[in-house]
Amino acid sequence: SDNIKKKYHEKYKDYEIEEIVQKIIDRLIFIRKLEDLELEERKLDQLTRKFSDKTIYYNELKIIFKYYHEKYNSGLFGDNGDYQACDMIDVGNNVIDEVITGMYRPSGGKIEYNFSAIDADILGGIYEQYLSYILKDTPKKAKLEGGRSHRKEQGIYYTPNYIVDYIVRNSLGEYLKHKSVEEILKVKIIDPACGSGSFLICAFSEISKLVSKKLEKGEKINNSPVFSKYEGRLNLNQKITILKACIYGVDLDKKAVEIAQLNLLLKLLEGETAETISHLKETKKLLPMLVENIKNGNSLIDDNKTDEKHSFKWEEEFKETINYDKDGNLKEGYGFDIVVGNPPYFNIRTNLVLQKFCKIKYPKIYNGQNDVLYYFILKGMNILKETGYLGFIVSRYYLEAESAKKIREFILQNGEIKEIVDFGNNQVFEGANILASIAIVKKNLNSMKKNNVKVIKFKDNEDMDLRENLSKNNPYFVDIINKEQKSLSSDVWSFYGPEFGDIIKKVEDKSFPLIKIAKTGAGIQSGLNEVFVVDSNTISKYNLEKNFLRNYVKTRDIKPYSIYSRNLKVIKLLSSDKIDSYPNLKKYMLEHQSALRNRYEARKGICNWFAFAVPRNLEIFDSSREKIITPIYSTSNKFGYDSADIEQNFLTLSDTAVIQLIDSKYSTKAVLAILNSYLMNFYYKKTRKLKRDGYYEYLSKTMETLPLKYSESFESTVNPLVDNILILNKKISELGDKKTDEVVKLKKNLDIEITKINQEVYK
């Protein structure tokens, strides 16, 4: 790209040059693949050897490109549209020599690369790397569109092959059981966010293998000249027929669509010979461009006014397959048989145009905070014919998120859930920090569903081989759970084995929710914590007025039972405060005035420029009564006790949640003991939403339904134990990192008190 930029920086923008480079690389990879499949002679290898230094190598390369365009008619080597620029530039000989040499062997190496052994989705993998590179090289203010749109930015992640194989096998494979060849050739598979086509390649391969197996056993197809003969393997025409009849895809990224078409073409040519390719050209049966099968568009938006460039009308683009009645429902006999894929994951709040459209178009599941994957599930089910299969890998959050209640209800009403694979905290997508799950659903509009849902639930294990255990289901790494679908509701889908289920039932039986005796809420939203939280040096430097300073605690200092103060303060300023009366405070805030005024709430006039953005739950923080504080994200239950005395009485910010009892019949310390117990920690992890890296959310909506049981005898027993724990924690804290016999003794006594509390909670 540097070589091209030097010559053409005035004609092309940097991102356009990067795309030209990517297109040239795609062409070279395509050529190398066919060379190593022994379908073409090694013309690239000859290029730099055959000619003298006076030859312009790139002009010779253009001749090779023209040859491939005439022979394969794939579009990749065409001279129209985006590809035209590839043929209107020159590239230096040294660069061409280095690139082509590097495509045959590593620098300084003697062993050659074998492109025929490389994965079918090679172009997709290269494209992912290109997108990562181009994003780093693109100014943040630049908008990447179409082929330049960064798929990671859109919440799209490259799917590992073993996941693709598993989904295709358990959706398409199940659907094709007991079908004849004639029936199989009528099956239509679509990936509505197909990317570079990995799911479609796998589906094509699966169908081809099954058709070949049935033809080998002597099964015949009526009125089909293409399949009248079978000579031990599918011939090229037969594979083309399968591909064009069965495989479909849509993607928002035009470049990805082109790559998907190319990948399928390469898959088509695997196992062929130069002779069959030559014969194909002679008989003028050019290879398919698949423009009617793999299309560019926005699978979710069918309104030109909303998205003029990418609007996609399913009933127009796939007329033979999609036909709706006046109510927007599929007419009988229409629809795809299989919907598979890895739809994008992002909250639609980040895309206001999409959010507005979804609110009107998809009211059944809209609630303003949905992930876009929910709409792909809905769209996938809606374009599926009755008894068809949907197989998606998606973020596992839909199993437990409050915002997913409507999509869970939609799935239960419209589908028969065959299988759910919950990968838990194990990472499927390398470097993506997305927690994933697989859903296999058979479309079934019958309200009376009697099926069992098979749940494969992975245990957390950093050293686990996901591929191996997905196929073998080793009980050391995986729990297999069978659950009746009729037992599921729109509430959280928490799956656990029968031994855990009994415990959960015991905990919930004859209990009452925390909300019955307590108020829960989030901490204050300052809008700019780095200004509102101050240390002793800042307080001293500005001589800040002390009546506006409140005790503050960082979330890492909130532990089970105890809260450890680092002498930090939070400036408590409300819009109603007269800041002019406090010159030192005003001087400090004025130094940060620009950033404070730039907060959303300040710009909208919701708060004064110097005040808290959202001063919520002040009635709790300003009260002189004890309370419980917890981080809103934690790997385990960490409920800390705030006595409300002068050393504590914390005012915390939006990274915490706060609980305060409203019924004087109950003791805060006794409730604290329940919340920090091993049993409630177990219960929380089994019934609440797992976030990435093993974290759980501790929010009002997730805590207020926690089941409690209570008695006066329990209170009288555990309150002294809690007091002892608070004293022991304080002593241990004062000793710091000292490793003395006294510290060992204190920690041993602490464990004894905690064990006693756990025994009381178990009772």
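Just the heavy atoms: all of them, side chains too, but no hydrogens, waters or symmetry mates, feed the values below.
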Test item: side-chain donor near acceptor, Thr159 and Asn342, under 3.5 Å: yes

Check: Asn304/Asp307 side-chain N/O donor and acceptor closer than 3.5 Å: no

Residues Ile242, Leu185; criterion side-chain contact (heavy atoms from CB on, under 4.5 Å); working and verdict: CA-CA 6 Å; Ile242 292 171; Leu185 292 174; 3.7 Å; yes

To the nearest 0.5 Å, what is the distance between [atom1] on [X] and [atom2] on [Y]?
X	Y	atom1	atom2	answer
Leu264	Ile259	CG	CD1	12.0 Å
Leu262	Arg27	CG	CZ	10.5 Å
Ile221	Gln238	CD1	CD	8.0 Å
Thr306	Leu354	OG1	CG	9.5 Å
Leu384	Asn414	CG	CG	10.5 Å
Leu269	Leu37	CG	CG	7.5 Å

Derivation of the side-chain contact (heavy atoms from CB on, under 4.5 Å) call for Phe477 and Leu470: CA-CA 10 Å; Phe477 296 107; Leu470 183 58; over 6 Å; no

Pair Tyr248 + Phe318: ring centers closer than 6.0 Å: yes

Checking the side chain of [X] only, and the main-chain atoms of [Y] only, is there a donor and an acceptor separated by less than 3.5 Å?
X	Y	result
Asn263	Ser196	yes
Asn370	Asn367	yes
Glu400	Leu690	yes
Arg396	Val421	no
Trp493	Arg408	no
Ser311	Glu308	no
Asn293	Ile247	yes
Gln427	Leu435	no
Gln261	Ile294	yes
Asp36	Phe115	yes

Check whether any side-chain heavy atom of [X] lies under 4.5 Å from a side-chain heavy atom of [Y], and answer yes or no.
X	Y	result
Ile383	Thr321	no
Ile393	Ser437	no
Ile163	Ile438	yes
Asp371	Tyr398	no
Ile301	Phe312	no
Ile189	Ile207	yes
Leu290	Leu265	no
Lys239	Arg233	yes

Of all heavy-atom pairs between [X] and [Y], which one has the smallest distance, and what is that distance?
X	Y	value
Cys194	Asp251	N-OD2, 3.3 Å
Asp325	Asp327	OD1-N, 2.9 Å
Lys295	Val257	O-CG2, 3.5 Å
Leu268	Leu236	O-CD1, 3.7 Å
Asn474	Asn469	CB-OD1, 3.0 Å
Lys486	Lys449	CB-O, 4.2 Å

Partners meeting side-chain hydrogen bond (donor to acceptor under 3.5 Å, both in side chains) with Glu484 (sequence neighbours left out): none

Salt bridge present between [X] and [Y] (N-O < 4.0 angstrom):
X	Y	result
Lys255	Asp26	yes
Glu174	Lys177	yes
Lys186	Glu183	no
Lys457	Asp422	yes
Glu416	Lys418	yes
Asp337	Lys188	no
Lys385	Glu332	no

Test ring-ring contact (aromatic ring centres under 6.0 Å, His included) applied to Tyr362 and Tyr374, step by step: CA-CA 10 Å; Tyr362 307 113; Tyr374 303 169; over 10 Å; no

Stepwise side-chain contact (heavy atoms from CB on, under 4.5 Å) check, Phe376 with Leu300: CA-CA 7 Å; Phe376 271 93; Leu300 299 180; 3.7 Å; yes

Derivation and outcome, side-chain contact (heavy atoms from CB on, under 4.5 Å), residues Leu215 and Phe227: CA-CA 9 Å; Leu215 291 175; Phe227 288 92; 3.9 Å; yes

Flag if over 12 foreign heavy atoms under 6.0 Å of NZ, Lys359: no

Enclosure of Glu386 CD (heavy-atom neighbours >12, cutoff 6.0 Å): yes

Distance under 6.0 Å and angle within 45° of ring axis: Lys379 vs Tyr375: no

Within residues 203-221 or reaching into it, pairs that qualify as side chain to side chain donor-acceptor pair (under 3.5 Å) - sequence neighbours excluded: Ser212-Tyr230

